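Report on the following structure.
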Amino acid sequence: MTDRREPAELPVDLLADLDAGALDPARAAVVRAAAAGDPQAAAVLAALDATRAELGALADPPVPARYAARWESALAAEAARTVTPLESGSDPASAPAEAERPQLHPGGDIGAPAPLPSTSQRFDPDPQPPTAPSGGRLPRLRPSSGRRRRTAIPRRRVRPAIVAGAVLAAAVVAGVVRAPQEPAPLSLDGVDLAAAGLAVQGDFDVGDLADPARRAGCLRTVESPGVSPDAPLLGGREVVVDGRDGVLLLLASGRLGRLQVVVVEPGCGPEGGVLLGTQTIEA
Amino acid sequence: LVLTGGPSDAELLAAHRAGDQRAFGELVARYRNRMWGIAVRTLHHPEDAADVVQEALVAAYRRAGTYRGEASVRTWLHRILVNACIDRLRQERRQGTVPLPQVEPRERRLDVAVDVVTRLSVVDALAELPAPQRVAVVLVDVQGWPLDEVAEVLEVPVGTVKSRCARGRVRLGKLLGHLREEE
């Protein structure tokens with residue numbers, strides 16, 4: 001197989017089994033000994049090594065921000081429609097007793113409504129009202145990629161605001177929307193900062209930094225390069241960066257086609273602050 | 001990744017079962033990137049991969065109450081993901097939507113320029129493998145998981161994982177030009 005003029009004496013599949021450790025020790029010893037004196041077998045083993053090396057060099061691509069936001073929305077919708085989602089199917093043998101259940105976030109509100117997706121996202125044209133946990137249908141709150149799907153799911157473009165309105169209406173009808181709630185922080189691990197910045201455009205979940213004066217004081221303090229303290233806020237979101245809480249700000253730069261993404265610690269203000277990340281987005 | 005001093009995966013899952021709304025998000029944050037990597041390498045298309053990760057996360061959210069601790073949370077979570085990937089691949093196969101190979105395996109040749117043009121990328125080559133081999137190779141060779149944990153995720157013996165990897169590597173070796181097709 002490795003040489004057309006002189007086929008290998010040892011079958012490639014056998015060598016691959018040896019290489020993978022799939023042979024029992026006695027058989028492996030025999031094959032290994034035979035391969036040691038066979039240059040073609042050595043070439044096959046080297047080829048398998050090279051194949052593995054190529055596979056091992058594949059890095060995980062970063063999670064696109066739009067997908068991260070979609071998953072977050074789906075989980076938020078799941079949380080919203082199941083007040084106690086996990087107890088019905090719980091296994092008494094493995095469920096911790098009430099007194100010993102860890103409460104990692106004492107302020108957590110069981111059954112609190114989930115954040116609704118931003119209207120800046122595109123959604124499936126056929127949003128379904130939430131179903132019972134056993135219903136099996138996932139809330140598919142996701143942006144449209146525009147690609148042609150290989151699976152036969154008919155789609156059509158719908159204006160985002162209209163679709164988001166439909167989702168909101170369905171959620172209200174189903175009793176999902178009960179009270180305003182801040183969305184959970186968005187993890188930026190593995191997410192491109194520019195993409196994350198663009199994804200939060202139109203969201204303004206920035207806590208105290210919604211106050212222009214405080215925001216300006218913060219930006220002045222952290223001295224992010226190229227960022228004006230008075231830059232208009234285009235969007236923002238509470239985030240988590242490497243385990244640290246932060247606030248992502250998407251800012252206008254005053255120059256056409258250029259935006260600034262700045263991530264600061266939540267307490268940032270005129271009295272001080274920490275810059276966690278910054279990036280310029282050029283059109 | 002478990003931060004020093006932070007809650008373990010099992011503690012996070014228990015907290016989630018107890019109603020802590022942030023706990024599951026923390027768990028997801030630990031494994032989201034890796035789940036994405038597995039899904040996108042297995043399914044070969046980002047949109048499908050994103051669908052499957054979403055399905056897996058929601059399924060895990062729903063099934064958290066049935067987690068018995070027999071496997072690690074990481075194994076449990078990835079088993080859900082891998083099963084979702086395999087279901088998606090089978091669905092595509094039933095629908096006849098699996099694309100045919102567009103590039104023949106390259107031959108060994110001296111013309112480097114032609115070689116680069118005709119050579120299948122690793123990512124494209126992976127997509128040519130049958131689902132069981134593809135998943136095993138992605139977990140073992142791409143993600144670097146230990147064989148015993150892959151066996152646990154796939155719910156097959158370790159020997160089966162080794163065998164699937166062996167067959168997959170031979171096929172990939174041919175597609176990538178490291179091995180020649182037999183005549």
Side-chain angles (χ1 to χ4, degrees), chain A residues 1-4 12-13 16-17 19-22 44 47-48 50-52 54-56 58 60-61 63-64 67-68 70-71 74-75 78-79 84-91 93-96 101-105 108-110 112 133 138 142 145 147 149-152 184 187 189-190 240 243, chain B residues 3 7 11-12 14-25 28-29 32-34 36-37 40-41 45-47 50 53-55 57-58 61-69 91-92 95 97 122-123 137 141-142 144 159 162-163 165-167 169-170 172-173 176 178-183:
Chain A
M1 180 174 290
T2 56
D3 189 322
R4 294 180 181 189
V12 170
D13 282 348
D17 282 340
D19 177 70
V44 170
L48 293 170
T51 302
R52 268 205 314 275
E54 280 204 66
L55 291 165
L58 273 182
D60 286 344
V63 178
Y67 294 148
R70 183 204 299 179
W71 303 335
L75 289 173
E78 186 66 19
T84 53
L86 310 166
E87 300 303 324
S88 60
S90 63
D91 170 20
S94 59
R101 281 175 176 163
Q103 184 68 32
L104 302 176
H105 303 281
D109 177 16
I110 295 176
L138 299 179
R142 66 187 200 186
S145 68
R147 84 169 176 89
R149 291 180 59 84
R150 285 175 286 140
T151 49
S187 171
D189 294 345
V240 176
Chain B
L3 298 176
E11 287 170 338
L12 283 175
H16 169 57
R17 291 157 60 122
D20 184 333
Q21 291 238 311
R22 287 177 179 261
F24 195 79
V28 170
R32 182 186 64 182
N33 295 354
R34 187 57 58 91
W36 167 250
V40 81
R41 295 305 181 210
H45 204 292
E47 194 67 20
V53 172
Q54 178 175 327
E55 289 171 15
L57 291 176
V58 173
Y61 188 103
R62 290 178 179 174
R63 295 181 205 164
T66 65
Y67 173 72
R68 294 175 181 275
Q91 183 184 7
E92 290 188 347
Q95 294 174 345
T97 52
V122 182
V123 172
V137 167
D141 290 336
V142 179
K162 291 177 178 176
S163 178
C165 285
R167 300 286 85 71
R169 288 170 192 150
V170 169
L172 288 171
L176 296 172
H178 299 304
L179 291 168
R180 281 192 167 184
E181 293 280 2
E182 284 180 312
E183 291 185 324

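We use all heavy atoms of the structure for the numbers below, so side chains are in, but hydrogens, waters and symmetry mates are not. Since the model is a prediction, treat every value here as computed from it, not as a measurement. Each chain gets a letter, A, B and so on, in the order the sequences are listed, and its residues count up from 1.
Within the model, atoms CG of B/Leu172 and CD of A/Glu54 stand 9.5 Å from one another, a figure rounded to the nearest 0.5 Å. For the atom pair CZ (A/Arg52) and NE2 (B/His178), the distance works out to 11.5 Å, reported to the nearest 0.5 Å. Distance check, rounded to the nearest 0.5 Å: CG of B/Asp141 to CG of A/Leu58 gives 10.0 Å.
Of the atoms belonging to B/Val142, heavy atoms from both backbone and side chain fall under 4.5 Å from chain A. In this structure, the portion of A/Leu48 lying under 4.5 Å from any heavy atom of chain B is its side chain and not its backbone.
Heavy atoms only, all atoms of each residue included: B/Trp36 and A/Pro64 are closest at CZ2-CD, 3.6 Å. Across every non-hydrogen atom of B/Arg169 and A/Ala20, the tightest pair is NH1-CB, 3.5 Å. The nearest pair of heavy atoms linking B/Ala50 to A/Tyr67 is CB-CD2, 3.4 Å.
Residues A/Leu75 and B/Phe24 meet the side-chain proximity criterion, which asks for heavy atoms closer than 4.5 Å.
Per-residue heavy-atom pair counts under 4.5 Å with chain B were compared for A/Gly21, A/Pro61, A/Ala68, A/Ala22, and the maximum is reached by A/Pro61. The candidate from B/Gly25, B/Ala166, B/Gly173, B/Gly37 with the greatest count of non-hydrogen atom pairs under 4.5 Å with chain A is B/Ala166.
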B/Arg167 vs A/Asp17, salt bridge (Lys or Arg N to Asp or Glu O under 4.0 Å): CA-CA, chis, key distance, verdict: CA-CA 8 Å; B/Arg167 300 286 85 71; A/Asp17 282 340; 3.1 Å; yes
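Applying the salt bridge (charged side-chain N to carboxylate O under 4.0 Å, His left out) test between A/Asp60 and each of B/Arg34, B/Arg32, B/Arg41 identifies B/Arg34 as the sole match.
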